[in-house]
There are 2 protein chains.
Amino acid sequence: MSHRHTDVTRQVADACPVTEVLDRVAGKWSIGILMAAGEGPVRFTQLERSLTGISRRMLTLNLRKLERDGLLTRTVHPTVPPRVDYALTPSGAELREALLTLTGWARRHGGTIAVAQQAYDREHAVDSGSAR
Amino acid sequence: MSHRHTDVTRQVADACPVTEVLDRVAGKWSIGILMAAGEGPVRFTQLERSLTGISRRMLTLNLRKLERDGLLTRTVHPTVPPRVDYALTPSGAELREALLTLTGWARRHGGTIAVAQQAYDREHAVDSGSAR
DNA sequence: CAGAATCCGATGCGATACTG
DNA sequence: CAGTATCGCATCGGATTCTG
């Protein structure tokens, strides 16, 4: 992986820096992690339990990515057993605030969407038109 | 594709409906489309030009997905040549508002992130420690 | 406890060609 | 103009195994 910027995507990013930024929140877990980390310094296992269903692999990868983007800090306590705390940076905290607006919408319209989907599916199903 | 809810993910969605909703904004283009569609009724080609770099395929797929979610409407004018207008629904418009908060953050911190990444890469590079 | 490494299936997305 | 259909690569993400 390293630090490639997906060469092609870059051209788009030039015209729309927003897209580039959003790409790093696009993952399946990124947002959840930022949310969970907002409650203050959190440990690895803590996050693992908050994000029900996440694998160690993905947690680590996303954590590293967010750290690289300067959205959260990783503090290693040289104890035994090892202990690592994750906390949002100022930028990360601001992002989390912005995301709250989004999750707020999600809570308000989550049900609405499910209904809309079912209506759509009923209408666009293998339907012979108005047969029924 | 149809309407599978990725059985496993469902369990997570139950605990966190937010995740489920965010999944439909997670794509590379969804957000851009919602933004572009916010300016009022927009035509297919219009969108295609706004979202620099998008392929017809992805535009269509995302459009259909958003329509299915009840976030935008698709109006076909039976003329020749055909003409189709896309417009946000009330839900979609609200989502767009929420996303503005996010894109606002993006604009403020886009540069910050790039810097953070480079600093991170310099520090975590194939570095032999303090040799330098 | 907090990872790193590897394997592998599922999905995203782009390029291209065809259509009403 | 506004799609649809098919192909193929790249990335995402899960399961498993090994380590300091």
Side-chain angles (χ1 to χ4, degrees), chain A residues 1-13 19 22-33 37 41-67 72-86 124, chain B residues 1-13 19 22-33 37 41-67 72-86 124:
Chain A
M1 190 180 292
S2 78
H3 52 285
R4 291 182 52 249
H5 293 83
T6 49
D7 331 278
V8 182
T9 305
R10 277 242 15 182
Q11 302 170 20
V12 179
T19 301
L22 295 176
D23 269 359
R24 82 198 67 257
V25 184
K28 185 179 180 180
W29 302 105
S30 307
I31 296 180
I33 293 176
V42 193
R43 299 174 45 183
F44 188 88
T45 317
Q46 195 84 50
L47 287 171
E48 196 173 10
R49 300 206 318 164
S50 299
L51 305 162
T52 320
I54 195 173
S55 62
R56 271 197 176 73
R57 171 187 156 80
M58 292 318 294
L59 181 55
T60 302
L61 286 180
N62 281 295
L63 246 21
R64 285 289 191 280
K65 188 180 174 189
L66 293 173
E67 186 196 358
L72 57 73
T73 59
R74 176 170 175 270
T75 311
V76 181
H77 301 275
T79 64
V80 45
R83 168 181 180 152
V84 182
D85 282 330
Y86 291 91
H124 294 72
Chain B
M1 188 179 293
S2 80
H3 52 284
R4 289 181 52 249
H5 294 83
T6 48
D7 333 276
V8 183
T9 307
R10 277 243 11 182
Q11 303 170 20
V12 178
T19 301
L22 294 176
D23 270 358
R24 83 197 69 254
V25 184
K28 184 179 180 181
W29 303 105
S30 306
I31 296 180
I33 293 176
V42 193
R43 300 177 42 188
F44 189 88
T45 316
Q46 197 83 49
L47 287 169
E48 196 174 10
R49 300 204 320 165
S50 298
L51 304 162
T52 319
I54 195 172
S55 61
R56 270 196 176 77
R57 172 187 156 79
M58 292 318 294
L59 180 54
T60 301
L61 286 180
N62 280 295
L63 246 20
R64 287 289 192 279
K65 188 180 174 189
L66 294 172
E67 185 196 358
L72 55 75
T73 59
R74 176 170 175 269
T75 311
V76 180
H77 300 275
T79 63
V80 46
R83 167 181 178 150
V84 181
D85 281 330
Y86 291 91
H124 294 73

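Reckoned from all heavy atoms, side chains included, excluding hydrogens, waters and symmetry mates.
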How many whole angstroms separate atom [atom1] of [X] from atom [atom2] of [N]?
X     : N      : atom1 : atom2 : result
A:I31 : D:dG13 : CD1   : P     : 12 Å
B:I54 : D:dA2  : CD1   : C1'   : 14 Å
B:Y86 : D:dC1  : OH    : P     : 14 Å
A:E48 : D:dA15 : CD    : C1'   : 13 Å
A:W29 : D:dT11 : CH2   : P     : 22 Å
A:L61 : C:dA2  : CG    : P     : 17 Å
A:L59 : D:dC12 : CG    : C1'   : 16 Å
B:L63 : D:dC1  : CG    : P     : 16 Å

Please determine, for the side chain of [X], which listed nucleotide ([options]) has the closest atom?
X     : options               : value
B:V84 : C:dT6, C:dA2, D:dA2   : D:dA2
A:R57 : C:dA2, D:dT6, D:dG14  : D:dG14
A:R83 : C:dA4, D:dA2, C:dA2   : C:dA2
A:F44 : D:dT4, D:dG13, C:dG3  : C:dG3
B:R56 : D:dA2, D:dC1, C:dG14  : D:dA2
A:S55 : C:dC1, D:dG14, D:dG3  : D:dG14
B:P82 : D:dT4, C:dG20, C:dA4  : C:dG20
A:M58 : D:dG14, D:dG3, C:dG3  : D:dG14
A:K28 : D:dG13, D:dA2, D:dG20 : D:dG13

Notebook entry, point to check: How long is the span from the CG atom in A:D85 to the CZ atom in A:R74, to the nearest 0.5 Å?
Noted result: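 Here the rounded value is 11.0 Å.
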Check: Is A:Y86 close to A:L47 at the side-chain level, that is, under 4.5 Å between some pair of heavy atoms?
Finding: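 SC-SC contact between A:L47 and A:Y86 confirmed.
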Check: Of B:V76 and A:K65, whose nearest nucleotide on DNA chain D comes first from the 5' end?
Finding: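 Taking each residue's closest nucleotide, the earlier one in sequence belongs to B:V76.
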Margin query: Any side-chain to backbone donor/acceptor pair from B:S50 onto B:Q46? Under 3.5 Å, distance only.
Written below: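 Yes: the side chain of B:S50 pairs with the backbone of B:Q46.
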Note to self: By the definition salt bridge (Lys or Arg N to Asp or Glu O under 4.0 Å), identify the one residue from A:R43, A:R57, A:R56 that meets it with A:E48.
What the structure shows: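 When salt bridge (Lys or Arg N to Asp or Glu O under 4.0 Å) is applied between A:E48 and each of A:R43, A:R57, A:R56, only A:R56 qualifies.
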Notebook entry, point to check: Using a cut-off of 4.0 Å on non-hydrogen atoms, how would the nucleic acid contact of A:R43 be classed: base, sugar-phosphate, or nothing?
Noted result: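 Result for A:R43 = sugar-phosphate.
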Item checked: Nearest non-hydrogen partners of A:N62 and A:S30, listed with the distance ->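 That closest heavy-atom pairing would be OD1-OG, 3.4 Å.
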